[in-house]
Amino acid sequence: QVQLVESGGGLVQAGDSLRLSCASSGRTFSSYAMAWFRQVPGKEREFVAAINWKGSSTFLADSVKGRFIISRDNTRDVMYLQMYSLKPEDTAVYYCAGASTLDYALGEGDYPYWGQGTQVTVSS
């Protein structure tokens, strides 16, 4: 079983930066891909970014490409989402997710492990 805990959310202004972290435990961290999703109340959960097991391959949604960076530190069992140039439309609860495979996928159903989420609010 995998336990995931997000941290780093908060209230920022448009144009600011923020870094989210996701700490993992319970299974060898380097044995699975990971991803970030986000959700706004009343809307479906949205894919944000994904990274393969060793961090050599990443994929970002068009809405965040060029502004967000996903990375992982397999020596510390932590994944990150560095967010730059934040916009009000980035406001959401951000969730980290763990896959059961080495390579990432883009759908929620490909991730059996989820954190509790961390709120990011971007004011205009």
Side-chain angles (χ1 to χ4, degrees):
Q1 192 74 337
V2 174
Q3 292 79 44
L4 303 173
V5 179
E6 303 96 334
S7 61
L11 172 63
V12 297
Q13 293 187 332
D16 284 351
S17 300
L18 202 61
R19 188 177 79 162
L20 305 183
S21 299
C22 175
S24 174
S25 62
R27 180 180 162 193
T28 302
F29 186 64
S30 59
S31 67
Y32 52 95
M34 295 197 68
W36 289 97
F37 289 78
R38 65 187 182 187
Q39 188 170 27
V40 175
K43 294 189 176 182
E44 292 188 354
R45 196 172 293 182
E46 174 190 24
F47 170 83
V48 177
I51 188 166
N52 72 344
W53 66 281
K54 59 179 178 178
S56 59
S57 180
T58 64
F59 187 89
L60 289 96
D62 287 344
S63 59
V64 304
K65 199 170 294 182
R67 299 188 298 121
F68 290 11
I69 300 172
I70 184 172
S71 62
R72 65 190 295 163
D73 185 343
N74 287 352
T75 66
R76 299 188 176 190
D77 295 355
V78 181
M79 176 180 66
Y80 303 101
L81 185 67
Q82 178 68 55
M83 304 183 291
Y84 297 102
S85 302
L86 282 161
K87 305 176 181 180
E89 50 264 44
D90 294 318
T91 295
V93 176
Y94 283 71
Y95 297 90
C96 70
S100 56
T101 57
L102 294 173
D103 292 321
Y104 59 74
L106 307 185
E108 278 190 68
D110 297 304
Y111 294 87
Y113 309 113
W114 292 84
Q116 82 288 350
T118 185
Q119 176 72 47
V120 172
T121 303
V122 184
S123 64
S124 57

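Note that the coordinates shown come from a computational prediction; the quantities given were computed from them, not determined experimentally.
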Spacing of OG belonging to Ser31 relative to NZ belonging to Lys54, to within rounding of 0.5 Å: 14.5 Å
Pairing residues for Phe37 by the ring-ring contact (aromatic ring centres under 6.0 Å, His included) criterion, not counting sequence neighbours: Phe47, Tyr111, Trp114
Sequence neighbours excluded, every pair satisfying salt bridge (Lys or Arg N to Asp or Glu O under 4.0 Å) that has a member inside residues 59-70: Asp62-Lys65, Arg67-Asp90
Thr121 side, atom OG1; Gln13 side, atom CD - distance, nearest 0.5 Å: 12.5 Å
Pro112 versus Ser100, closest heavy-atom pair with distance: CD-N, 3.9 Å
Qualifying residues under side-chain contact (heavy atoms from CB on, under 4.5 Å), relative to Val5, sequence neighbours excluded: Gln116
Pairs satisfying disulfide (SG to SG under 2.5 Å), at least one member in residues 35-70, at least two apart: none
side-chain hydrogen bond (donor to acceptor under 3.5 Å, both in side chains) evaluation trace for Glu89 with Thr91: CA-CA 5 Å; Glu89 50 264 44; Thr91 295; over 6 Å; no
Of all pairs that satisfy salt bridge (Lys or Arg N to Asp or Glu O under 4.0 Å), the ones with a partner from residues 8-37, not counting sequence neighbours: none
Any side-chain heavy-atom pair of Ser21 and Glu6 under 4.5 Å: no
Co-members of the apolar cluster containing Ile69 [side chain, <4.5 Å]: Tyr84
Under 4.5 Å side-chain linkage, directly or through intermediates, the cluster mates of Trp53: Leu102
Non-neighbouring partners of Glu46 that pass salt bridge (Lys or Arg N to Asp or Glu O under 4.0 Å), sequence neighbours left out: Arg38
Ala92 versus Gln119, closest heavy-atom pair with distance: O-NE2, 3.4 Å
Inter- and intrachain pairs under disulfide (SG to SG under 2.5 Å), touching residues 20-121, at least two apart: Cys22-Cys96
Residues that, via side-chain heavy atoms closer than 4.5 angstrom, fall in one hydrophobic cluster with Trp36: Val2, Leu4, Val12, Leu18, Leu20, Phe29, Tyr32, Met34, Val48, Ile51, Leu60, Val64, Phe68, Ile70, Met79, Leu81, Met83, Leu86, Tyr94, Tyr113, Val120, Val122
Residue pairs, two or more places apart or on separate chains, that pass side chain to side chain donor-acceptor pair (under 3.5 Å) and touch residues 69-79: Arg72-Asn74, Asp73-Thr75
Ser124: partners by side-chain contact (heavy atoms from CB on, under 4.5 Å), with sequence neighbours left out: Pro88
Gap separating the OG atom of Ser30 from the CG atom of Asn52, nearest 0.5 angstrom: 11.0 Å
Atom of Lys43, atom of Gln39 and distance for their closest heavy-atom approach: O-NE2, 3.0 Å
